[in-house]
Trainee: 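The structure that follows is given in the form of structure tokens.
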Amino acid sequence: MNAAHYRRVGDTALVRRWLIGTAVVLTVALLAMPLLMIFVQAFSQGWSTYVANVLDEFTLSAIGLTLLVAVLTVPLNLVFGVFFAWAVTRFTFPGRKLLTTLIDIPFAVSPVVAGLLYLLLYGNNGWVGQWLGEYDVQLMFSWPGIVMVTLFVTCPFVARELIPLMQQQGREEEEAAVVLGASGWQLFRRVTLPNIRWALIYGIILTNARAVGEFGAVSVVSGNIRGETNTLSLHVELLYQDYNVVGAFAAASLLAALALLTLIAKSFVEWRQSKD
Amino acid sequence: MGIDINGINKFFGSFQALHDINLSLPDGQITGLLGPSGSGKTTLLRIIAGLETAEQGSIWFQGRDVTRLHVRDRRVGFVFQHYALFRHMTVARNIAFGLEVLPRKQRPGKAEIKQRVGNLLEMVQLSHLADRYPSQLSGGQKQRIALARAMAMEPEILLLDEPFGALDAQVRKDLRRWLRNLHDELNFTSVFVTHDQEEALELSDQVVVMSHGRVEQVNSPLDLYASPDSRFVFDFLGQVNVLSGTISNNRLRQGKAHLTLPEAVANGNGQIYLRPHEVRLAQAPTADAHLPVCIESISVIGAEVRIELKPQGWLADEVWEVGISHGEFNAWQPQRGDVCYAVPDVGHFFLGDEDSPRTLSWLNRMPPTGVDSPRASGM
């Protein structure tokens with residue numbers, strides 16, 4: 001910014017104060033206060049109660065399941081996202097435009113609807129579910145179903161981060177590498193990957209945040225079996241319905257802490273990306 | 001390593017980018033592929049490199065069919081229009097890339113790679129930039145690094161796609177000279193693509209003029225400029241002054257302009273094409289040429305004075321342009337708005353829709369007596 005102050009259109013003291021004031025008030029009322037309240041409530045009966053709540057058997061199992069979902073979802077969507085972005089930005093084929101539109105479906109469809117669709121297809125009475133049932137495979141109301149809907153909900157994140165970047169970077173560097181004799185793997189490892197790494201990490205962070213926090217789709221296919229198919233998000237609701245407010249907020253505080261970590265990581269990656 | 005191109009046809013969907021291209025690019029020479037955008041010259045270059053495949057035809061390097069050889073194994077050097085330097089690698093790593101991706105058995109040791117990168121950096125006179133990143137370099141520096149990177153594999157064929165397209169005029173000129181010297185020293189076969197006629201004429205041993213996916217003419221720069229085969233080459237290569245009209249009794253006529261042709265031609269429509277150096281300016285018409293023009297602008301920058309002329313009493317699609325020496329200019333001192341007469345010495349005549357010209361000369365015809373010497377310097 002230039003040290004001198006240039007007056008732009010609409011830049012009067014009154015407008016400025018009013019806009020900034022509104023923004024600050026709304027941010028505090030809608031974002032900061034609720035976030036703070038989570039921790040206030042979680043610790044309202046002291047540190048020891050908080051620890052006891054977190055170490056509760058069902059809470060621990062919910063944490064475990066949530067981590068399992070994230071650990072399975074993130075790598076799968078990482079690989080899928082890279083393949084997808086590579087395919088649509090490096091090749092031209094019929095249906096390419098359609099494919100780039102389809103990838104947005106999880107953004108457009110309400111997660112609850114997505115969960116219901118999976119239930120209809122893979123549930124005990126669904127087309128695929130019935131057939132699988134004959135082999136004693138049950139996907140819905142167990143952890144594979146939760147992973148499946150989470151995969152669905154989070155599949156656009158990595159691809160959507162990569163596609164514009166790879167489009168903008170073009171294929172010239174890759175062509176240069178091939179002319180210089182690089183094999184397919186050397187090309188990806190030495191040229192493509194370093195060029196997209198920050199966008200990739202950004203996509204992973206978003207995927208992870210969503211995988212951990214997803215509620216709607218998971219709640220439809222989970223069946224809410226305590227200690228078995230309860231993720232952390234579902235567990236918060238369950239505790240709250242049990243009138244265990246402090247316990248609910250203790251579980252919620254874990255999610256909130258994770259969200260804050262995600263934000264920090266995200267800002268760091270954005271800062272790195274802007275440097276490249 | 002000579003390159004032979006046999007019957008190449010290339011389609012993008014239903015669009016035919018190249019029509020039956022047959023060319024022979026001699027060993028150790030620089031060939032320029034010249035044409036307007038969309039003429040297929042870059043596509044042809046990419047087919048030679050192996051970055052594109054043609055539906056029909058074959059590519060031969062020194063008698064060896066490489067049509068089905070993967071780009072990786074063709075071992076050509078390729079310089080991209082926008083350099084395509086690896087943005088996350090230093091200059092030194094960029095240059096070393098080709099050596100570092102060699103299979104383990106052929107790969108030179110670390111020390112040797114370092115040595116060779118050092119030599120290449122010296123060759124492009126940028127040793128001090130070894131540890132910089134591409135984003136920290138100027139356009140001309142990037143271009144030279146891209147060249148060094150391509151030369152690292154010691155290719156016998158160097159392909160360059162619009163190598164100087166994105167650079168400003170002075171850098172472009174320096175680099176051109178530098179590339180020419182490098183080529184004379186190392187003697188590889190080069191093919192470069194350009195839409196800049198001056199670049200093509202200055203740098204090439206042989207120029208291939210292309211338009212609409214076809215080869216229009218292949219010739220040395222000198223012959224190309226002196227005797228273009230077609231209207232397209234005429235229009236595309238250098239300034240040209242055109243008079244269109246109808247012919248009767250060997251006289252080309254349009255409005256107030258008329259020009260007697262020195263050789264017998266059939267009656268009908270015709271066009272005469274004149275290069276700026278083939279036309280003189282005079283203060284009176286000659287018996288053969290009556291081409292009144294009005295001076296529209298005078299540009300004194302450069303080796304000669306360039307004068308733009310607007311036809312008076314006849315029509316031309318574009319303004320005429322004639323160059324006179326600074327000596328002539330000072331002796332005559334023409335002003336904007338002055339009316340004078342264009343007098344052709346040599347011209348290229350197209351009859352009707354014919355696409356190849358007939359060169360005519362007025363020089364051996366004695367000027368009819370009673371008319372002043374038409375030389376501008378004599379005025």
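By convention in this document, chain letters (A, B, ...) are assigned in the order of the sequence lines, proteins followed by strands, and residues within each chain are numbered from 1.
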Trainee: To check you understand the geometry: which heavy-atom pair defines the closest contact between B:Val101 and A:Leu180, and what is its length?
Mentor: CG2-O, 3.7 Å

Trainee: Which bit of B:His70 comes within less than 4.5 Å of chain A, counting heavy atoms only: side chain, backbone, both or neither?
Mentor: side chain

Trainee: Around atom CZ of B:Arg72, are there more than 12 heavy atoms of other residues, nucleotides or ligands at under 6.0 Å?
Mentor: yes

Trainee: Heavy-atom pairs under 4.5 Å with chain A are the metric here; pick the option from B:Arg74, B:Arg87, B:Glu100, B:Met153 that has the most.
Mentor: B:Arg87

Trainee: Take a 6.0 Å sphere around CZ of A:Arg96 and say whether it holds more than 12 heavy atoms from other residues, nucleotides or ligands.
Mentor: yes

Trainee: At a heavy-atom separation under 4.5 Å, does A:Gln186 approach chain B through its side chain, its backbone, both, or neither?
Mentor: side chain

Trainee: Mark yes when over 12 heavy atoms from residues, nucleotides or ligands other than B:His183 sit less than 6.0 Å from its NE2; otherwise mark no.
Mentor: yes

Trainee: Is it the backbone or the side chain of B:Leu85 that comes under 4.5 Å from a heavy atom of chain A, or both, or neither?
Mentor: backbone

Trainee: Could you check whether atom CZ of B:Phe11 has more than 12 heavy atoms from other residues, nucleotides or ligands sitting under 6.0 Å from it?
Mentor: yes

Trainee: Kindly give the heavy-atom pair with the smallest separation between B:His88 and A:Val191, and that separation in Å.
Mentor: CE1-O, 3.7 Å

Trainee: Which atoms of A:Gln169 are under 4.5 Å from chain B, going by heavy atoms: the side chain, the backbone, both sets, or neither?
Mentor: both

Trainee: Can you give me the closest heavy-atom contact between A:Arg190 and B:Met89, atom names plus distance?
Mentor: O-CE, 3.5 Å

Trainee: Under 4.5 Å heavy-atom distance to chain A, tell me which part of B:Phe78 shows up: side chain, backbone, both or neither.
Mentor: both

Trainee: Over all heavy atoms of both residues, which pair between B:Tyr83 and A:Glu172 is shortest? Give the atoms and the distance, please.
Mentor: N-OE1, 4.4 Å

Trainee: Restricting to non-hydrogen atoms, name the atom on A:Ala176 and the atom on B:Arg149 that form the minimum distance, rounded to 0.1 Å.
Mentor: CB-NH2, 3.4 Å

